[in-house]
Every structure is written in C-alpha cells, then in structure tokens.
Amino acid sequence: MVTLSVPPASSGLEDEKARRQARLETLTAAFGDPFLVTRFAKTHSAAALKAQFVSLAAGDRTDTPVSVAGRIMALRNGGMFLDVLDDTDRVQVFHDLKNLSPERKAWLELLDLGDIVGVAGTVRRTPRGELTVDATEGQVLSKALEPPPSTFHGLKDTDTRFRRREQDLVANPRSRQTLRARFTMIATLRRTLESRDFLEVETPMLHTVAGGALARPFVTHHNALDMPLYLRVAPELHLKRLVIGGLAEKVFEINRCFRNEGLSPRHNPEFTSVEIYQAYADFRTMLDLTETLVYEAAMALHGTPRVTFDGDVLDFTPPWPRKSMTELIREHTGFDFAALPDADEARGAAASLGVHVDPSFDWGRTVEAVFAAKVEDRLIQPVHVVDLPKSLSPLAKAWPDRPEVAQRFETYINGWEIANAYSELNDPREQRARFEAQANERRGPDEPPHPVDESFLSALAFGMPPMAGLGIGIDRLAILLTDSTSIREVIAFPTLRPE
RNA sequence: GACUCCGUAGCUCAGUUGGUUAGAGCAUCUGACUUUUAAUCAGAGGGUCGUGGGUUCAAGUCCCACCGGGGUCACCA
C-alpha cells in the first residue's frame, strides 16, 4: 500500500508549483524518480494507432497490446480518462477505476496536466466512438512542475506565445502545423535542388566585409584576432567564389542572413534564404527554377498549386507571367518610363504621379520608387518582374544594347518580393567600377560607406564562368504557404526584446 | 525612430458617466458522481488590475513617464 503525502489545499501559481513538487516527491518515493527514466518502448504514435484501428467499430474491443507516450492534455473523471498528446495527434487512455488496484489508483492521483507519461494497454473504441487505450501499465516519464496553458482556449497572448514557444506548441495545434509546414517546405526545396544536381554548401556567417547586399550589418568582435567581424547580410560573394573554383557548377546554400534594420510583420533581424548559383546559365534559367521550387513546395504542403492566403487564392501553376518593370508601371499608371530615359524627365513624371523622389535619384531609382508606390501592392498573383534598372543591380550584367537595364528579375507574390535573380556580372573591371561608384555614393548620415570586397574582385579576376544566381526568401514564402499573418509565426523563435 | 492601440487570476476574458470588499469560465483544492468528449453537481482558495508618479473625498477606469507587445509608417538590393 502506498502512503501519500496529502497535497496542501493550495491556490495561486506558486502554490500550484509547490503542489506539483510535492506530488513529484510522493511519486518518487512510491514509484521511483521519473527523471531517472531514460527510455520508453512506444509501439504506436497516436496517429498510427488511429490509422491502424480506423475500422474498429464503436463499442468493440481488441486484445492487441500497444503502448503510447506523450503529454497529458486532459484528465477527466478523476483520471479515468486521460488525453495524451504526442507529435502526431491526441489519443485517449482509460483506467477502469472500479477494478483498479489501490496502488495504481494512488499512482493515477499523482498525475497532473502537462506530465509526460508512457502507457501500455489494449485498444478499444468507446461506445461514443473514441479510440482508446485501456491501460494496464503506466509510468510517469517526466513531471511538469509548471501547469500548461489552457488546453481548451489555447495560448493567445502573442508575447507569451513567442517567449514560451514550447507552451505555444503544446497549446496551439495551429502553431505546430505552421512550423512543421515551414520545415517541410525547406526540406522540399532542398530535395528539389538535389534532384537537379545542385550541391548544398556552407559559407561563412562571420564576414570581414559584409558584402553581397546593401544592408546594415550586425557588428561583433573577435577577441583573439582583435578585429571587428560582421554577421553576413548575404552569402552571394562566397558562393560565387566556390563556383569560380570549380567546387561545383551548381551550388546552393539554405541558411541565415542578418540585417540590422527595422522589424515588421515581414522582417526579422535574422532570416533564412536559399541562394542558388549555376554556371553556364543566365537569369532565364532561374525563371523556370523559381517556378519549379515554389510549385513543388506548394504541392508538398497542400497537394495543389492553388493555395489560400488571406482570402485570396494564389495559383502557383507554372509558367508565371513575365513583365518588365516599366511595362507594369505603364499598365498601372499610364506613364511609360522606358520612353523617358532621362533622369530629369523620369523624376518629373514621378512627381506628377505624386511619388516623392529625391533630386539625387537617377533614372533607375526613380523608376523603382514609382514601382514601389504604384505597382508592388497590386501584384498578388505570382509574376516575374524583369528588366530591372541596372543602377539597382550592382552585381548583375546589363544588356549590351540596353545599358540602363539589368539581366535581372524579381518575383512578386502578394505584393512581396519573393525571389531575386540575375545573370551574374563576371567582368572584374566593370565590377570594380560599380563597387567604387557605390563606395563613393552619398548615404544617410549614420550610414557607413560601402566597403569594396577586394577578395571577391580578385576571385573575379581569376575568371568566373557566366553564371546565373537566384535568391528566395524562405520566411516570406513560408508565410504565404501557411496563410500566416506574420513572419514571427513561421520562425520558431522570433527576435523579441528581453522581458 | 514616429504615430496608434493593447497590458485585469496560471489560461481565456468581462468590468458602465471614476463610486461598497474587482468578477466569470477553464485550470487548482475538498466532497459527490462515474464509460467521459470543454464530463456533471456542490463548495473553497487564488489579484501589487504591466511599473512608477500625479489629479481626486474616491482610480482597474482620468493625466504623465517608463517597461513589454500588436499594427501602420520610416528604414530596408
């Protein structure tokens, strides 16, 4: 016979923790310390169990021995019914209180919501139709010393949800589903690229020069070398160097980039991108690849290329329309900037459209400003915006016969830039000229000048094959494919201020 | 960084033009009941109303500052 220490008549969170602690001590004394358990032989996940016995009729029982394990999400009728949650589903566990030994009854009374248990028993379906494990044995595999959030209402407070993501995941099936979808999407992108003979590589996160994108970097310091290091803003330059060296003609990297800029529902200081490079190809190859990657991801998550987002149905069926930036502006405003190649005229046209442009803006920046103000938001269905201004594309080849326009596209979905690709500039003389022009550009008062990456220029001088590059923002794609409202939903631990 | 909205029990939420001792459901504890489906029934405990100031006879409520969060904008290859 087990002796129980009577839990104190308690209240409040601190008392609740103390009560759980007391139950742990009683449990440890009577049944052993749950934290010494190292393994549990699980025969079925909740989902596998339900699948295997899908045709078992209500009221029928089997003598099939099974074992399940997971977190207790509900305790009904004094422990007669437990709901156990694992990473697939919930399954109900039954204890026949009338015929339970005093010892087992005592054990049952030591359980709390949130405890991790392993249970063995036989399978039946209750008269009400719920698949149930009739428990013959059970053990606590881990004691929850804090109560879980409401298992009915879930956890809604966004602050707590992201600070205590483990509680969010337990309490909110939607959160589990969203994050799983994100990671499945990444696995699908990887598989698609591997099946096309791209080699996954890694390049440094710590850069001595933060190049490859015009973004404000995070700065850190290396003690032994006594020098500043920058968290990378893009992997682009190192990836090209791998292709220059012939490591592989087709490479990709799926990894984090860091930008020390504002936060928003679509910006997190660290974010994940996939960057892809292919030698002997140009941006046109990447148009197709972008469509394939997104289409395959949508199919993997939804089984269809038509995906609901924020009430719209986004259709990812290839091919997607390809329209030049100036063409789109003409469609949406009536102004043809392609016919106004002079920067002054372009700024005048922008002003008459009510778009504020700085007098220092060249033709390209002016066109971009008009595009951002008048067109971007309306590009809901996938569209490739081609012929982007060269002045915005310092690493891209221009067209020989159209020097203001780069061999580049950005793919827009739901008004967001999702992909960016170009024919990579491989002329070291031209690249140096562009870097130096950039380094001399007037920037904001707090902005450091753009450093010139000499290592990269040397690599170009060594000879870079013609090459196409593509970058896709993983987080934004994940938002779209999971119908999420914020980037924070698709990042397991989004950046927050400390409490 | 600017503007704006929000912060009440472990969770989800009420709380009127400022007015007794701040409420409910779930969770917790006690008892009853026992094949439940948010089990039910009876009872109990649980609050620095984000923090600190101020106005007032009186502040969860009004004002100010700060902390944290959401949104919009700015920034953003």
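These values consider heavy atoms only, across backbone and side chains, with no hydrogens, waters or symmetry-generated copies. Lettering follows sequence order; numbering is per chain, from 1.
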Find every protein N or O atom lying less than 3.5 Å from an N or O atom of nucleotides 31-34 of chain B, and list the pairs.
| unit_1 | atom_1 | unit_2 | atom_2 | d |
| --- | --- | --- | --- | --- |
| U34(B) | O2 | N77(A) | ND2 | 3.0 |

Q) U37(B) base to T126(A) side chain: any donor-acceptor pair below 3.5 Å? A) yes
Q: Just say parallel, tilted or perpendicular for the rings of H44(A) and F53(A), cut-offs at 30° and 60°.
A: tilted
Q.
Measuring from the side chain of D159(A) (C-beta onward, heavy atoms only), which nucleotide among U37(B), G68(B), A77(B) has the closest atom?
A. G68(B)
Q: Side-chain contact test, heavy atoms from C-beta onward, threshold under 4.5 Å: evaluate it for C257(A) versus P235(A) and give yes or no.
A: yes
Q: Could you run through RNA chain B and flag its stems, i.e. three or more consecutive Watson-Crick or G-U pairs with both distances under 3.5 Å?
A: B:1-7 with B:67-73, B:10-13 with B:23-26, B:28-32 with B:40-44, B:50-54 with B:62-66
Q) Any side-chain heavy atom of L392(A) sitting closer than 4.5 Å to one from R408(A)? A) yes
Q. When you measure from the centre of the six-membered ring of F94(A), is the NZ or CZ of R124(A) under 6.0 Å away and within 45° of the axis?
A. yes
Q) Which of the following nucleotides, U12(B), A77(B), A38(B), is nearest to the side chain of N420(A)? A) A77(B)
Q) With distance as the sole criterion, do the side chain of R76(A) and the base of U35(B) form a donor-acceptor contact below 3.5 Å? A) no
Q: Measure distances between side-chain N and O atoms of Q92(A) and base N and O atoms of U36(B), and say whether any donor-acceptor pair falls under 3.5 Å.
A: yes
**Q.** Nucleotide nearest H267(A) (side chain, heavy atoms from C-beta), chosen from C11(B), U37(B), C76(B)
**A.** C76(B)
Q. Using a cut-off of less than 4.0 Å, is there contact between a side-chain N or O of R163(A) and OP1 or OP2 of G69(B)?
A. yes
Q. Got a sec, which residues hit ring-ring contact (aromatic ring centres under 6.0 Å, His included) with F283(A), two or more places apart in sequence or on another chain?
A. W399(A)
